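Please read the structure below before turning to the comments.
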Amino acid sequence: MHNAIDWKQKIDNSAKIKFAVADIDGVLRGKIISKAKFLKGLDEGLGFCNVIFGWDMGDVVYDNSAVSGWHTGYPDAIVTIDLSTCRSIPWNDHTPFFLADFSNSKDVGDACPRTLLKKIRQQCIDKGFNPQFAKEFEWFNFKETSQSLKEKNYSKPEPFTSGMFGYSILRLSQHKAFYDDLFNLMQQFSVPIEGLHTETGDGVCEAAIDYTDILEAADRAVLFKSGVKEIAYQHDLMACFMAKWSSEFPGCSGHIHQSLWDKDASKNLFYNASDEHNMSDLMKHYIAGQLYCLPHILPMYAPTVNSYKRYVEGAWASTSVSWGIENRTTALRVINHSHGTARLETRVPGADANPYLSLAASLASGLYGIENKLPLHILPTNGSEYQNSANQPFPTTLKEATDAMKSSDIANKLFGHAFVDHFVRTREWEWNQFTKKVTDWELKRYFEII
């Protein structure tokens with residue numbers, strides 16, 4: 001986080017300010033405004049059309065939203081700039097940049113993902129816990145532009161590199177300018193990367209972002225995705241964070257690392273050296289809560305039709321409600337080596353998940369387990385979870401997962417009815433848009449032979 005002096009210094013020599021808010025899909029929507037409008041907005045708030053929560057990622061307006069729609073006339077909602085998020089954009093002439101949310105809006109505040117995370121974070125702090133989180137992402141890079149992809153109808157995009165070169169020092173050296181820009185410019189953008197490497201697949205990368213407070217972790221995550229895309233464009237590349245762009249390659253994860261500390265962040269409350277697995281009772285309740293809630297809130301981790309294509313056996317993604325010690329085949333992976341590093345990795349979300357919502361889901365469900373002292377009755381998986389039929393499998397479609405969330409009381413308890421109602425409506429809309437379309441698979445399979 002940054003202080004007041006920082007933001008005043010950063011805007012001092014700039015005539016313009018850039019700010020953005022995250023919509024329900026985690027897409028940053030923003031504006032460039034004058035310094036005068038920015039300063040005035042700090043006192044009065046800034047207007048932002050409420051359509052931001054009334055349309056999908058393709059700017060098609062929902063026909064089922066109560067929060068925003070033609071029935072509201074699409075008025076401005078009040079957006080509040082968070083001064084602590086001040087940054088300058090190193091690849092954009094060091095333009096000052098801020099994140100904002102709708103935490104002071106009576107009209108759309110309940111639909112705002114960042115506002116929801118702030119509420120869950122405060123609940124955690126009120127219980128005496130300090131939530132420390134970090135995100136990691138996998139994504140593919142292509143030698144494409146928006147125009148070139150459109151011209152080829154999104155068919156056969158050309159990968160940035162070819163071959164299965166996971167953890168390749170060679171690839172990092174071959175394309176030094178791109179990788180150096182990713183690492184260095186993100187650091188200058190106050191999104192510090194802990195590690196960056198190639199993954200298994202043509203043109204795929206993975207990056208882990210530094211650990212920090214949960215809200216800052218989510219801010220860094222949304223800025224990372226947007227920043228990677230902007231940096232890639234400058235190298236004539238296109239970055240893709242789809243959960244599964246091709247059946248030939250593993251999907252793209254958006255794993256969440258997390259632990260709860262005491263108020264002054266001196267003691268890791270997840271660690272207990274006297275336990276068999278170095279796990280405190282608090283951590284066990286937290287894990288039990290995530291496992292219990294997972295089937296009720298899966299769309300917050302897997303929000304798109306494509307998300308469910310990632311849950312494939314043997315493809316490095318979890319497929320069931322499960323956990324294990326240092327096990328990368330389970331939904332939850334316990335990392336238990338030391339007091340400083342003990343944490344839980346939630347491996348369910350893909351790179352397509354809204355960071356504010358996936359982190360809110362992780363923390364809220366963990367706190368639910370602590371508050372209700374849920375026992376960790378699901379046994380840890382030893383070896384491959386893919387060979388274990390004892391645990392509950394994930395839903396196979398967005399519709400199935402959304403129906404489960406819609407009919408569940410757990411989601412309302414965790415996030416409130418107003419948010420759940422809006423979010424469920426948006427996921428129902430997403431599924432309905434998909435079911436109307438004729439796919440290439442259908443054409444290839446049925447066009448001639450049927």
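Basis for what follows: all heavy atoms, side chains included, without hydrogens, waters or symmetry-related copies. Keep in mind that what you see is a predicted model, and the values were worked out from it rather than measured.
Residues E371 and Q123 have side chains that never bring a donor and an acceptor to within less than 3.5 angstrom of each other. S266 and D262 are linked by a side-chain donor-acceptor pair at a separation below 3.5 angstrom, with hydrogens and angles left out of the test. Side chains of E216 and T212: a donor-acceptor N/O pair is absent below 3.5 angstrom, by distance only. With 3.5 Å as the limit, one finds no donor-acceptor pair spanning the side chains of W91 and Q234. Between the side chains of E138 and S253, at least one donor N or O sits under 3.5 Å from an acceptor N or O. S68 and N50 form a side-chain donor-acceptor contact under 3.5 Å, judged by distance and modelled atom types alone. Looking at E385 and T319, their side chains never bring a donor and an acceptor atom within 3.5 Å of each other.
Applying the side-chain contact (heavy atoms from CB on, under 4.5 Å) test to N306 and every residue at least two apart in sequence or in another chain returns M242, A243, K244, T304, K309. With sequence neighbours left out, the ring pair (Phe, Tyr, Trp, His ring centres under 6.0 Å) criterion links Y62 to W429. Partners of A302 by side-chain contact (heavy atoms from CB on, under 4.5 Å), not counting sequence neighbours, listed by chain and number: L298, S307, Y308, Y311. Taking H422 as the reference, nothing meets the ring pair (Phe, Tyr, Trp, His ring centres under 6.0 Å) condition, with sequence neighbours excluded. For Y179, the side-chain contact (heavy atoms from CB on, under 4.5 Å) partners at least two apart in sequence or on another chain are F160, L172, H175, L182, L196, T198, C205. Under the rule for a side-chain contact (heavy atoms from CB on, under 4.5 Å), the partners of Q392 that lie at least two apart in sequence or sit in another chain are P295, V321.
Counting heavy atoms from C-beta on, the side chains of M186 and V228 come closer than 4.5 Å. Considering only heavy atoms from C-beta on, Q187 stays 4.5 Å or farther from I193 through its side chain. Contact check for T397 versus F434: no side-chain heavy atoms found under the 4.5 Å cut-off. Taking 4.5 Å as the limit, some side-chain heavy atom of Y211 sits within range of a side-chain heavy atom of R343. M57 has its side chain within reach of E430: a pair of non-hydrogen atoms, C-beta onward, lies under 4.5 Å apart. Within the 4.5 Å cutoff, the side chain of L359 has heavy atoms near those of the I256 side chain. Taking 4.5 Å as the limit, every side-chain heavy atom of M300 sits out of range of all side-chain heavy atoms of N354.
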Practice task
Test R121 against D213 for salt bridge (Lys or Arg N to Asp or Glu O under 4.0 Å), laying out the working first.
Solution key: CA-CA 9 Å; R121 173 183 179 271; D213 170 82; 3.0 Å; yes
Problem - Step-by-step side chain to side chain donor-acceptor pair (under 3.5 Å) determination, E442 to T439 - result: CA-CA 5 Å; E442 292 169 276; T439 66; 3.0 Å; yes
Handout entry: Full working for salt bridge (Lys or Arg N to Asp or Glu O under 4.0 Å) between E345 and R328
Key = CA-CA 9 Å; E345 179 188 29; R328 285 184 166 88; 5.3 Å; no
Exercise for the section: Tell me, with the steps shown, if Q290 and Y368 meet side chain to side chain donor-acceptor pair (under 3.5 Å). Expected result: CA-CA 8 Å; Q290 282 206 10; Y368 182 87; over 6 Å; no
Handout entry: Derivation and outcome, salt bridge (Lys or Arg N to Asp or Glu O under 4.0 Å), residues E428 and K399
Key = CA-CA 7 Å; E428 289 176 332; K399 176 174 172 50; over 6 Å; no
Exercise for the section: Please report the C-alpha distance between E326 and H337 in whole Å, then the side-chain angles of each, then the deciding distance to 0.1 Å, and finally whether the side chain to side chain donor-acceptor pair (under 3.5 Å) criterion is met. Expected result: CA-CA 10 Å; E326 278 290 10; H337 305 302; 2.5 Å; yes
Exercise for the section: Please test S155 against N153 for side chain to side chain donor-acceptor pair (under 3.5 Å), starting from the C-alpha separation and ending with a verdict. Expected result: CA-CA 5 Å; S155 175; N153 199 27; over 6 Å; no
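W261 and F270 have their aromatic ring centers separated by at least 6.0 angstrom. For F53 and F102, the ring centers sit closer than 6.0 Å to each other. Not less than 6.0 angstrom separates the ring centroid of W316 from the ring centroid of H255. Not less than 6.0 angstrom separates the ring centroid of F19 from the ring centroid of F97.
Taking the six-membered ring where tryptophan is involved, the planes of F249 and F140 are tilted, since the angle between them lies from 30° to 60°.
With a 6.0 Å cutoff to the six-membered ring centre and a 45° limit on the axis angle, K31 counts as a cation-pi contact of F48.
A salt bridge (Lys or Arg N to Asp or Glu O under 4.0 Å) with K119 is found for exactly one of D110, D101, D126, namely D110.
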